[in-house]
Asker: 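To start, I am sharing the structure in question, which I have written as structure tokens.
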Amino acid sequence: MQLPAAFIEKYQHLLGAEAPAFLATFDQPSQSGFRTNPLKNGQPTASIAAASGPTTHVKNGWFGKVNGKSLDHVTGWVYSQEPSAMTVGEVVAPQPGERVLDLCAAPGGKSTHLLAQMHDTGLLVANEIFSKRAKILAENLERWGAKNAVVTNEAPDQLAPHFSQFFDRILVDAPCSGEGMFRKEPAGIEYWTPTYPAECANRQKKILASALTMLKPGGTLVYSTCTFAPEEDEQVIAWLLKEYPYLALVPIEKTAGMDDGRPAWADGNPALTKTCRLFPHHFAGEGHFIAKLVDQRPAPAPKPARKNKKRQTNGALRLSKAEFALVQAWFDQVVPSFELERLVKFGDQVYAVPTAMPTLNGLSVLRPGLHLGTLKKRRFEPALALALALAPEQVTKRVALTMEQWRAYVHGEALPFEAPDGWALVVCQNHSCGWGKVANRILKNFYPKGLRF
């Protein structure tokens, strides 16, 4: 790998005797990994069988590559994520029922990890400033089976006024110079200059300033990057501690191969050893930096819950009585245990908004909650997202496919099937795969055309 001469010189100076081993890793293959989805009702045995072994630092983590067209991946039973990046979600450690913000969330690896730890309860707001990346984020959360996640497409300073002191935990996986991903994404080398890390650090400080206005007193902020640059790592944390004296670093529990942060690379503050560095010559993964801080101000007294009033919300409307009756009738017949709460429609698309979401007003929202389906003329048609969020046993009628039939299903084919007429959840090896409608011994295919392969 052709690294810039200035990059080599920089880390020869910073790492000293460690530099040869560090620089040698750029000519070694990158590490692949994946996490299994504890929200699903089983283990992805095919993916695990192909893995090279479990990670020691993440409970549901494995070393190995995921086939993007496999049953496990398409139905959200696994998420491809390199081993170092998995560490961030473990450090955030959100609890069920909490309000959590993933501020720079695309493509969704860390968001899916957080939601799994929350048992898909409470509220996860996953935000991404770039619209194309935000769409990928929404798709990945949908595949994961997310119910209590909202995807927004806002700049951090535009998001902040809507969530003043609202979140229990905030993750800022900041846009950075990407030095830690050079061997995985070599194109990033083209953008690197000696001044680029400092430019990134300025942007990171602005993002953090916005994030802190949304953090509850007593809340937790986790900051991470995929760069080695001290300008974006220890030096940003040193700045945070000086600028916001109510913040304190929390020690990160480190397993084998994880390094302490390096005070000598910032202002010499010994507390910086509480941060975590992942170097590829010490740890089986790409480069990462993680810091965990707690807001030491007293937590405010809880406010009484307010009922959500009927209102229009930035293009979202409450359903009319007739529309709600259509949706209710379908659920009573197909998924009777599902509780229909806070339903809104964008055009003809129906979503269930998480109860903890305060408002959609004034926000650019890509996914306001769980996509339930589409209102058609005098009928309701369910969405793939709903299927992926359900366990087979929740649905009154299911059709079980063989692997050969599943391949035909994701190709968009109708299948001959002996089953009673009506809507059915398509299942393969206990994986919820999508919807079909049986009529005259034919399973009509409702797998989205844009996802077929």
Asker: Looking at Tyr191, I want to see if its OH is surrounded by more than 12 non-hydrogen atoms of other residues, nucleotides or ligands under 6.0 Å.
Answerer: no
Asker: Would Ser47 and Trp62 count as a side chain to side chain contact (heavy atoms under 4.5 Å, CB included) if you check the C-alpha gap in whole Å, the side-chain angles of each, and the deciding distance to 0.1 Å?
Answerer: CA-CA 9 Å; Ser47 295; Trp62 294 82; over 6 Å; no
Asker: According to side-chain hydrogen bond (donor to acceptor under 3.5 Å, both in side chains), who are the partners of Glu179, at least two apart in sequence or on a separate chain?
Answerer: Tyr11, Trp192, Thr227
Asker: Any salt bridge between Arg169 and Glu98, counting N to O under 4.0 Å?
Answerer: yes
Asker: Taking the side chain as everything from C-beta on, heavy atoms only, tell me whether Thr220 gets closer than 4.5 Å to Lys292.
Answerer: yes
Asker: For Leu360 and Val365, which heavy atoms make the closest approach, and how far apart are they?
Answerer: CD2-CG2, 4.1 Å
Asker: Quick one: does Leu171's side chain get under 4.5 Å of Ser224's, heavy atoms only?
Answerer: yes
Asker: For a side chain to side chain contact (heavy atoms under 4.5 Å, CB included) check, start with the C-alpha distance between His113 and Glu90, then their side-chain angles and the critical distance, and finish with the verdict.
Answerer: CA-CA 8 Å; His113 196 168; Glu90 295 293 301; 2.8 Å; yes
Asker: Are side-chain heavy atoms of Val426 and Leu443 found at a separation under 4.5 Å?
Answerer: yes
Asker: Using a strict threshold of under 4.0 Å (side-chain N to carboxylate O), is an ion pair present between Glu128 and Arg133?
Answerer: yes
Asker: Would you confirm whether Thr121, through its side chain, and Gly97, through its main-chain N or O, come within 3.5 Å as a donor-acceptor pair?
Answerer: yes
Asker: Closer than 3.5 angstrom, by distance alone: can the side chain of Tyr79 be matched with the main-chain N or O of Gly109 as a donor-acceptor pair?
Answerer: yes
Asker: Has the side chain of Asp72 got a donor or acceptor atom that lies under 3.5 Å from a matching backbone atom of Val78?
Answerer: no
Asker: With side-chain contact (heavy atoms from CB on, under 4.5 Å) as the test, pick out the partner of Leu293 among Leu221, Val250, Ile170.
Answerer: Leu221
Asker: Side chains of residues 324-333: which donor-acceptor partners sit under 3.5 Å, not counting sequence neighbours?
Answerer:
residue: Gln328; atom: NE2; partner: Asp332; partner atom: OD1; Å: 2.9

Asker: Indicate the atoms forming the closest heavy-atom contact of Leu115 with Ala146, along with that distance.
Answerer: CD2-CB, 3.2 Å
Asker: Do other residues, nucleotides or ligands put more than 12 heavy atoms under 6.0 Å from the CD atom of Gln28?
Answerer: yes
Asker: Side chains of Asn127 and Thr152 only: does a donor on one sit below 3.5 Å from an acceptor on the other?
Answerer: yes
Asker: Is Leu247 close to Leu212 at the side-chain level, that is, under 4.5 Å between some pair of heavy atoms?
Answerer: yes
Asker: Using 30° and 60° as the class boundaries, would you call the ring planes of Phe163 and Phe166 parallel, tilted or perpendicular?
Answerer: tilted
Asker: Answer yes or no: is there an ion pair linking Asp173 with Lys110, defined by an N-O contact shorter than 4.0 Å?
Answerer: yes
Asker: Would you say the side-chain atoms of Glu286 pair up with the backbone N or O of Gln31, donor to acceptor, closer than 3.5 Å?
Answerer: yes
Asker: What's the verdict on side-chain hydrogen bond (donor to acceptor under 3.5 Å, both in side chains) for Glu232 and Ser177, showing C-alpha distance, side-chain angles and the deciding distance?
Answerer: CA-CA 8 Å; Glu232 304 172 71; Ser177 58; 2.5 Å; yes
Asker: So, does Arg35 use its side chain to make a donor-acceptor pair with the main chain of Gln81 at under 3.5 Å?
Answerer: no
Asker: Would you find a donor on one side and an acceptor on the other, under 3.5 Å apart, between the side chain of Glu154 and the backbone of Ser364?
Answerer: yes
Asker: If you draw a 6.0 Å radius around CZ in Phe130, do more than 12 non-hydrogen atoms from other residues or ligands fall strictly inside?
Answerer: no
Asker: Is atom CZ of Arg297 surrounded by more than 12 heavy atoms (other residues, nucleotides or ligands) closer than 6.0 Å?
Answerer: yes
Asker: Any heavy-atom pair between the side chains of Ser210 and Leu159 that's under 4.5 Å?
Answerer: no
Asker: Out of the candidates Gln95, Lys216, Arg99, only one should pair with Asp168 under the side chain to side chain donor-acceptor pair (under 3.5 Å) rule; please name it.
Answerer: Lys216
Asker: Is the backbone N or O of Leu240 less than 3.5 Å from a side-chain atom of Lys205, with the two atoms forming a donor-acceptor pair by type?
Answerer: no
Asker: Is a side-chain donor-acceptor pair under 3.5 Å present for Thr112 with Asn140?
Answerer: no
Asker: Before you tell me yes or no, could you show the steps for Phe279 and Thr25 under side chain to side chain contact (heavy atoms under 4.5 Å, CB included), namely the whole-Å CA-CA distance, both residues' side-chain angles and the distance that decides it to 0.1 Å?
Answerer: CA-CA 9 Å; Phe279 286 110; Thr25 63; over 6 Å; no
Asker: Would you call the rings of Phe446 and Trp423 parallel, tilted or perpendicular, where under 30° means parallel and over 60° means perpendicular?
Answerer: tilted
Asker: Write down the atom of Thr75, the atom of Ser432, and the distance for their closest heavy-atom approach.
Answerer: CG2-O, 3.5 Å
Asker: Would you find more than 12 non-hydrogen atoms of other residues, nucleotides or ligands less than 6.0 Å from Lys397 atom NZ?
Answerer: yes
Asker: Will you find, in the side chains of His411 and Glu413, an N or O donor that is under 3.5 Å from an N or O acceptor?
Answerer: yes
Asker: Below 4.0 angstrom, N of the basic side chain to O of the carboxylate: do Glu323 and Lys345 qualify?
Answerer: yes
Asker: Could you check whether any side-chain N or O of Gln349 sits under 3.5 Å from a backbone N or O of Phe346, counting only pairs where one atom can act as donor and the other as acceptor?
Answerer: no
Asker: Do the ring centers of Phe283 and His288 come within less than 6.0 Å of each other?
Answerer: no
Asker: Where is the tightest heavy-atom contact between Val399 and Ala419, given as atom of each residue plus distance?
Answerer: CG1-CB, 4.4 Å
Asker: So Leu415 and Leu401, do their side chains get closer than 4.5 Å, heavy atoms only?
Answerer: yes
Asker: Kindly give the heavy-atom pair with the smallest separation between Trp77 and Asn430, and that separation in Å.
Answerer: CZ2-O, 3.5 Å
Asker: If the condition is ring pair (Phe, Tyr, Trp, His ring centres under 6.0 Å), which residues does Tyr409 pass it with, not counting sequence neighbours?
Answerer: Tyr447
Asker: Compare every heavy atom of Pro368 with every heavy atom of Pro354, then report the nearest pair and how far apart it is.
Answerer: CD-O, 3.4 Å
Asker: Is there a side chain to side chain contact (heavy atoms under 4.5 Å, CB included) between Val91 and Cys276? Walk through the geometry before answering.
Answerer: CA-CA 10 Å; Val91 172; Cys276 178; over 6 Å; no
Asker: Do the side chain of Trp435 and the main chain of Ala383 share a donor and acceptor less than 3.5 angstrom apart?
Answerer: yes
Asker: Say whether, by atom type as modelled, one donor and one acceptor occur between the side chain of Arg277 and the main chain of Phe228 under 3.5 angstrom.
Answerer: yes
Asker: Are the side chains of Leu208 and Tyr244 in contact, using a 4.5 Å heavy-atom criterion?
Answerer: no
Asker: If you define the side chain from C-beta out and look only at heavy atoms, does anything of Lys40 sit under 4.5 Å from His431?
Answerer: no
Asker: How far does CG of Asn148 sit from CG of Leu124, to the nearest 0.5 angstrom?
Answerer: 9.5 Å
Asker: Looking only at side chains, do Ser30 and Glu82 share a donor and an acceptor under 3.5 Å apart?
Answerer: no
